[in-house]
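One structure is given here, and the rest of the page talks about it.
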Amino acid sequence: MNFFHVHENEMWCEEVPVRRIAEDVGTPFYLYSYRTLKRHYQVFDEAFRQVPHIVCFSAKANSNVAILRTLISEGGGIDIVSGGELFRALKAGADPRKIVYSGVGKREEEIVSALDAGILMFNIESFQELEVIDRIAGGMGKKAPIAIRVNPDVDPMTHPHISTGLKENKFGINIEKSLDTYRKASSLKHIDIIGVDCHIGSQITDITPFLDALERLKKLITLLRQEGIPVHYLDLGGGLGITYNLETPPHPSDYAGAIIERAGDLGVTFILEPGRVIVGNAGILVTRVLYTKSHEDKNFIIIDAGMNDLIRPSLYGSYHFIQPVSPRGDGKVQADVVGPICESGDFLAKKRILPDARRGDLLAVMSAGAYGFTMASNYNSRPRIAEVLVRDGGYFVIRDREAYRDLVRGEHIPDFLADGTGKKL
Ligand SMILES: Cc1ncc(COP(=O)(O)O)c(C=O)c1O
């Protein structure tokens, strides 16, 4: 459930007409609903109320500090995968004891920052990483709290680019080798084993893969405990899917209920790392039609947002529902909705039946709150777009639209190319 709705031929976000924001801040821009964000967080959190748990919002889905702060103020922790995300999480006011750090390629300076901050745990993805963290923690006179990210070899039945829990994926340590890795970890002086972690993929719309992974983890936990290796935390990652089009993903309470039924008595604190399910349908991309054209039997709607702003359709063939901000008639057209980028892969929809669109119309690209802005780039030297948060009857720009000067910030013309005038960019 979200708080974007059409009323009297106008699209609203909570109590604010989307058109008004577009007129004030210009297009394109990302628009988020505070009430939706809070509701999604609360529904998810509430679903696990029977068991000790921490909901660590996955910053990769949307890392704007205002979004992070919203979820932190609801009691959430943060799941990070880089030093940059750690920086953002701390800036947003996250409790370091609710930060978990995954990722196959943690750099030494990132490990140092995370140890300095005192995060809850590192999710370890290789034995070499474990050795490096042990050495760094030793040098800092600390013990690093860790879980091993186990790759359970379960097919999440999602897009291959977002499945992570198969043997062939780069993530985690194969479940068959994990017991051995835990044994080795327990011999390292500056490592404190506190849990088990796994994350099998994203946009998972069926509960079975989660439960298959859980069964495998439960067996591993039994073996670990038999050897005296403690497991206080079980991190089940994120991955719960959302409705973009016709998908019918499990409700968070069904997902949580099934987990609690099978593992509620494990005596662990559960960690969940949801991203998409919290923020995906709490955000839209608002864009304006620049031109329309037809050739042969094809119609194109050319908009001012491109694949650099929202790459999901080009990258994964993802579907985003597109609707007019101010619907006006019954006329329909089949068209490709494309951006201004010089790539044929620059599209937000293909062969889509849409209400007739004209130059100047505003369109809302729905379900764009997750992996939208965080995956945006400056390709074609396009400044990254603004982000706006609506709360009740007001709105707040939570990220300014970039200016052209931002495009060249940090670039330098070396002396040998200077024209002698000393002119700076
Ligand atoms: C380790 C980890 N945790 C959590 C997530 C969040 O996944 P989702 O946004 O599907 O909930 C991801 C995303 O791929 C991830 O890699």
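Numbering of ligands and ligand atoms starts at 1, following listing order. Both backbone and side-chain heavy atoms feed into the values below; hydrogens, waters and symmetry mates do not.
Taking only nitrogen or oxygen atoms, main chain and side chain alike, G275 reaches within less than 3.5 Å of ligand 1. Residue R149 has no N or O atom closer than 3.5 Å to an N or O atom of ligand 1. Note: an N/O pair closer than 3.5 Å links G239 and ligand 1 by distance alone.
By the 4.0 Å heavy-atom criterion, A370 is excluded from the residues contacting ligand 1. Ligand 1 lies out of reach of V277, whose nearest heavy atom is not under 4.0 Å from it.
Atoms of ligand 1 found under 4.0 Å from any heavy atom of Y371 (numbered from 1 in listed order, with element): 6 (C), 7 (O), 8 (P), 9 (O), 13 (C). Those atoms of ligand 1 that come under 4.0 Å of a heavy atom in P274, given as number and element, are 11 (O). Atom numbering of ligand 1 starts at 1 in the shown order; those under 4.0 Å from a heavy atom of E273 are 1 (C), 2 (C), 3 (N), 4 (C), 5 (C), 6 (C), 11 (O). Close approach of ligand 1 to R276 (heavy-atom distance below 4.0 Å) involves ligand atoms 8 (P), 9 (O), 11 (O). For ligand 1 and G238, the ligand atoms under 4.0 Å from any heavy atom of the residue are 4 (C), 11 (O). Heavy-atom proximity to S202, at under 4.0 Å, picks out these atoms of ligand 1: 7 (O), 8 (P), 9 (O), 10 (O).
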- request: Would you please test N380 and N308 for side chain to side chain donor-acceptor pair (under 3.5 Å) and show each step?
  value: CA-CA 8 Å; N380 276 201; N308 72 302; over 6 Å; no
query: Taking it one step at a time, do H320 and Y244 satisfy ring pair (Phe, Tyr, Trp, His ring centres under 6.0 Å)?
result: CA-CA 6 Å; H320 286 268; Y244 285 98; 5.4 Å; yes
- request: Assess whether side chain to side chain contact (heavy atoms under 4.5 Å, CB included) is satisfied between M11 and M366, documenting all intermediate values.
  value: CA-CA 12 Å; M11 177 176 237; M366 306 305 289; 3.6 Å; yes
- request: Could you go through the side chain to side chain donor-acceptor pair (under 3.5 Å) check for E14 and S33 one step at a time?
  value: CA-CA 7 Å; E14 302 189 12; S33 153; 2.7 Å; yes
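Residue contacts with ligand 1, taken as heavy atom pairs separated by less than 4.0 Å, do not involve V81 at all. The proximity of H199 to ligand 1, defined as any non-hydrogen pair under 4.0 Å, is limited to the side chain. Contacts with ligand 1 closer than 4.0 Å are made by side-chain heavy atoms of S58 only, the backbone lying farther away. The residue F171 has no part lying near ligand 1, judged by heavy-atom distances below 4.0 Å.
In this structure a side-chain-to-backbone donor-acceptor pair under 3.5 Å is missing from R149 to N123.
With a 6.0 Å radius and a threshold of 12 heavy atoms from other residues, nucleotides or ligands, K298 has its NZ atom above the threshold. Annotation: E227, atom CD; neighbour count of heavy atoms from other residues, nucleotides and ligands within 6.0 Å is above 12.
Just one residue in the list V277, D254, T243 forms a side chain to side chain contact (heavy atoms under 4.5 Å, CB included) with P249, and that residue is T243.
Relative ring orientation between F270 and F48 is described as tilted, the plane-to-plane angle lying within the 30° to 60° band.
In this structure, F210 has its ring center closer than 6.0 angstrom to the ring center of Y255.
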